[in-house]
2 protein chains.
Amino acid sequence: MPTGLAPAELIAVLAAVTDDQPRVMTLRGGEALPSGPFETSHRSLQQSLRAWIERQTGHPVGYLEQLYTFADKDRDPRSGELTEEAGRISISYLGLVREQDAAGIGRPAWYSWYSFFPWEDHRDRVPDELVEITDRLGVWAQDDPVRHQRVDYLFGVGDKAWNEELVLQRYELMYEAGLVDAPQFGRPMQGDNRRILATGISRLRAKIKYSPVVFELMPESFTLLQLQRTVEALSGLRLHKPNFRRQIDQQNLIEDTGEMSSGTGGRPARLFRFRTAILEARMLSGARLPLSRS
Amino acid sequence: MPTGLAPAELIAVLAAVTDDQPRVMTLRGGEALPSGPFETSHRSLQQSLRAWIERQTGHPVGYLEQLYTFADKDRDPRSGELTEEAGRISISYLGLVREQDAAGIGRPAWYSWYSFFPWEDHRDRVPDELVEITDRLGVWAQDDPVRHQRVDYLFGVGDKAWNEELVLQRYELMYEAGLVDAPQFGRPMQGDNRRILATGISRLRAKIKYSPVVFELMPESFTLLQLQRTVEALSGLRLHKPNFRRQIDQQNLIEDTGEMSSGTGGRPARLFRFRTAILEARMLSGARLPLSRS
DNA sequence: TCCGATGTACTCATTCCGAGTATAAACTGG
DNA sequence: CCAGTTTATACTCGGAATGAGTACATCGGA
């Protein structure tokens, strides 16, 4: 991004899925999210960011959504000092792209989410890191029942279920407990970038449940298993195959292309495509109010 | 708010429910949402806004959530001209308060949402305004099947169901079709304030389904019917009484105070209170992924 | 004392969801 | 070419949640 006197900074969480891994675009060897000043020459925030991303990656951004706006003083509660840029506004966005090969000068790299948040990947087993974290948080909560309740709820301790959407809240609790700087608990990032990434992951994990955004991450045509693997990568959970397929075709979101996948190891699978012009789509039923007739 | 050279402006959608009407705090005779510059003297955006609101209303804000951040050029697509303040950032918030009597100098007024969006109140009947709007939109869509699909989906035409959450998208479609300036379609506001209000209503209508924010609008103790009437006011829908009650006590969110309501016309009702220290609460079941065992 | 309004406890059918089973069709290594 | 592995796809079945409706209780007031 060209520099200049800018009233605001834009920060992007750019996500893609490849090799069954959810990935995020980073700069500086995985230490920073892409960011730059808001250019008033463009028409709007969205357009400004979209243009910059497409210049950087060589790919169009399928989906772009605003995440959160911070003031500088929101951003790093550790250092109480006032910087020269005090009062600057940072606006963060979540963007989804289909491919991850950057056209840049080799600087951008796509890291797996789970290298920053190793405790969030529950696809194969409960991560060792999570066990250690809950142990340490147990000590931190000690005789404080309120802390204990928060830890149990956020990290699925005891009979509580693991809720994959609470990425941000888990990170913030770990921050409070002083665990985020431990190197075994994920790759560090500069400033508050890891927290912004957590915000994006939380948002996306929630969104795939009631909106068909997953398809923004899929190629033109795909098999049902590929779709399932993508959802699993994003949510960090393993899904039940027959039930997943049932839900997908109940939603009526995809249609058969007529073609079959070339052998990926087993029996060839049908190739599907996303039904365009489906704007009324909701992935799952969505919450309901108990309506009255009439 | 004191004026000054500010990098950003804060705008608040302050909501309350009284007399079975969802209300929003306005200035200038209902023409503007409260707003002011972001004061860097405070610690963060949230705190800055919270302090200002409490000074204005004399009441604490129970719940405060960021809505959306606009650049000036996002804000009024009609006038293409560049103003002196081009590039200014506006950050909007949704706040919930329990009472609506302003301590101010008589300037703030609490108007019903539905005076700005008369077509959004479906509690008693389908509003006449909605019928006229869909008629006009039918003409606007004319021979364009894509437009027709959008209109049908957003406004519940034909066999499509009315979706109360789509307040913002409906308003934006009406804007596109040139209907928002018609005086019979709701009270006007200055600039894009009506669109920001629509954003807040959309967010709140979605939120009450999976989060216990409604209780931020309720008094200390309340009857089940009062709670139902509040949800109905917010959603603009009429709910099924027995099923509403079933859901509420399945969620285990409230507890009996032991007291009874003084006669409100019929048999006295139990008074309940919100169970504090319920952070794991979700109003409804929430969408689900088809999980796999172990 | 009856009526209207509200409060509260049920029933019943349908749909949705979690869990599991069974079979089909490819590839692989001996 | 046969056995075993991997993936694809079609079912079944029970339990939970949801939509819709019924029955009855208890108050104030005409």
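Scope of the values below: all heavy atoms of this structure, side chains included, with no hydrogens, waters or symmetry mates. Quick note on labels: first sequence line is chain A, next is B, and so on, each numbered from 1. None of these values were measured; they are calculated from a predicted model.
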Could you list the donor-acceptor pairs under 3.5 angstrom formed between side-chain atoms of residues 212-222 of chain B and any protein atom two or more places apart in sequence or on another chain?
none

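Note: CD1 (B:I248) to P (C:dT8) measures 14 Å, nearest angstrom. Straight-line distance from the CD atom of B:Q250 to the C1' atom of D:dA17: 7 Å, rounded to whole Å. Atom CG in A:L239 sits about 12 Å away from atom P in C:dA19, given to the nearest Å. The distance from atom CG of B:N243 to atom C1' of D:dT22 is 12 Å, rounded to the nearest whole Å. Regarding A:L237, its CG atom lies at a distance of 12 Å from the P atom of C:dG18, rounded to whole Å. Rounded to a whole Å, the CG atom of B:L289 is 13 Å from the P atom of C:dA19.
Ring orientation note: the planes of A:H122 and A:W162 are close to parallel, at an angle under 30° on the 30°/60° scale. Using bins of under 30°, 30° to 60° and over 60° for the plane-to-plane angle, the ring pair A:F117/A:Y171 lands in the perpendicular bin.
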- Given A:E165 and A:K207, is the salt bridge (charged side-chain N to carboxylate O under 4.0 Å, His left out) satisfied, shown in steps? CA-CA 9 Å; A:E165 291 182 27; A:K207 200 117 193 174; over 6 Å; no
Every protein N/O lying under 3.5 Å from an N/O of nucleotides 6-10 of chain D:
{"residue": "D:dA8", "atom": "N3", "partner": "A:R267", "partner atom": "NH1", "Å": "3.3"}
{"residue": "D:dT9", "atom": "OP1", "partner": "A:R270", "partner atom": "N", "Å": "3.3"}
{"residue": "D:dT9", "atom": "OP2", "partner": "A:R245", "partner atom": "NH2", "Å": "2.6"}
{"residue": "D:dT9", "atom": "O5'", "partner": "A:R245", "partner atom": "NH2", "Å": "3.4"}

Below 3.5 Å is the cut-off: list the nitrogen or oxygen pairs between protein and nucleotides 13-15 of chain D, distance only.
none

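The residues A:R270 and A:E259 are annotated as not salt-bridged, no charged nitrogen and carboxylate oxygen being separated by less than 4.0 angstrom. Here A:R238 pairs with A:D124 in a salt bridge; the nearest charged N to carboxylate O distance falls below 4.0 Å.
Residues B:Q251 and B:Q247 have side chains that never bring a donor and an acceptor to within less than 3.5 angstrom of each other.
Within the 4.0 Å cut-off from OP1 or OP2 of D:dT18, at least one side-chain nitrogen or oxygen of B:Q247 is found.
At least one side-chain heavy atom of A:R203 sits under 4.5 Å from a side-chain heavy atom of A:L67.
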